[in-house]
Amino acid sequence: QVQLVESGGGSVQAGGSLRLSCTASGLTYRDNCMVWFREQPGKEREAVAAMNRGTGTIRYATSVKDRFTISHGTKNTVWLQMNSLEPGDTAVYYCATPGLGNDCYSGSWYQGRYINYWGQGTQVSVSS
């Protein structure tokens, strides 16, 4: 059974930083595309970053590039380091994966319809 558990959310002032963590179990972590999504009130869920540890593929949404960094830690953990946070980054952040042993393809990594497994989400709040 695949499980994704996020942690590290919280409240911060604009310009501050947070690091989110996602620990995966029940799948071969290094073979899978791990994706961070966020969901803001009234908006569709948006993919912000993705990585495949095995291939080294990394993807970012334009809105977060140069501010957010996705990386892998130890023991099936993927991090999302968020710097220069803005009030517009306020959202529930989810760790997710298709879980099919595939790479983060340029044409599909950001599409929620390919996701089969979601974490429970962690709230990030950025005040001005």
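If you read the sequence from its start, that first residue is 1, and numbering goes on from there. Please read these numbers as outputs of a predicted model, since none were measured by experiment.
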Is it the case that one hydrophobic cluster holds both [X] and [Y], taking links as side-chain heavy atoms less than 4.5 Å apart, direct or via other members?
X	Y	value
Leu4	Phe37	no
Trp109	Met51	no
Tyr94	Val64	no
Ile58	Met82	yes
Tyr117	Tyr105	no

Rounded at 0.5 Å granularity, tell me how far [atom1] in [X] sits from [atom2] in [Y].
X	Y	atom1	atom2	result
Thr97	Asn116	OG1	CG	8.0 Å
Asn76	His72	CG	NE2	11.5 Å
Tyr29	Thr23	OH	OG1	9.0 Å
Leu27	Gln3	CG	CD	10.5 Å
Arg53	Cys33	CZ	SG	15.0 Å
Ser11	Gln123	OG	CD	7.5 Å

Report task. Determine, stepwise, if the pair Trp36 / Val78 fulfils side-chain contact (heavy atoms from CB on, under 4.5 Å). Result -> CA-CA 9 Å; Trp36 284 100; Val78 59; 4.1 Å; yes
Using a 3.5 Å distance criterion without hydrogens, assess whether the side chain of [X] forms a donor-acceptor pair with backbone atoms of [Y].
X	Y	answer
Glu39	Ala91	no
Asn52	Asp31	yes
Asn83	Gly16	no
Arg59	Cys104	yes
Tyr60	Ile70	yes
Ser125	Thr90	no
Glu6	Leu20	no

Query raised in the report: Does any non-hydrogen side-chain atom of Trp118 lie less than 4.5 Å from one of Arg45?
Result: yes
Query raised in the report: Hey, are the side chains of Leu100 and Tyr114 touching, using non-hydrogen atoms and a 4.5 Å cut-off?
Result: no
Requested in this report: Applying salt bridge (Lys or Arg N to Asp or Glu O under 4.0 Å), name anything that partners Asp89, two or more places apart in sequence or on another chain.
Outcome: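 Applying salt bridge (Lys or Arg N to Asp or Glu O under 4.0 Å) to Asp89 gives Arg38, Arg67.
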Shortest non-hydrogen contact from [X] toward [Y]:
X	Y	result
Ser21	Trp79	CB-CZ3, 3.4 Å
Val35	Ala47	CG1-CB, 4.1 Å
Ser128	Pro87	CB-CG, 3.9 Å

Report task. Indicate the ring-plane relationship of Tyr93 and Phe68, choosing parallel, tilted or perpendicular according to the 30° and 60° boundaries. Result ->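 Ring orientation, 0 to 90° scale: tilted.
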Query - Residue pairs fulfilling disulfide (SG to SG under 2.5 Å) with at least one residue in residues 38-98, sequence neighbours excluded - result: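 Sorted result for residues 38-98: Cys22-Cys95.
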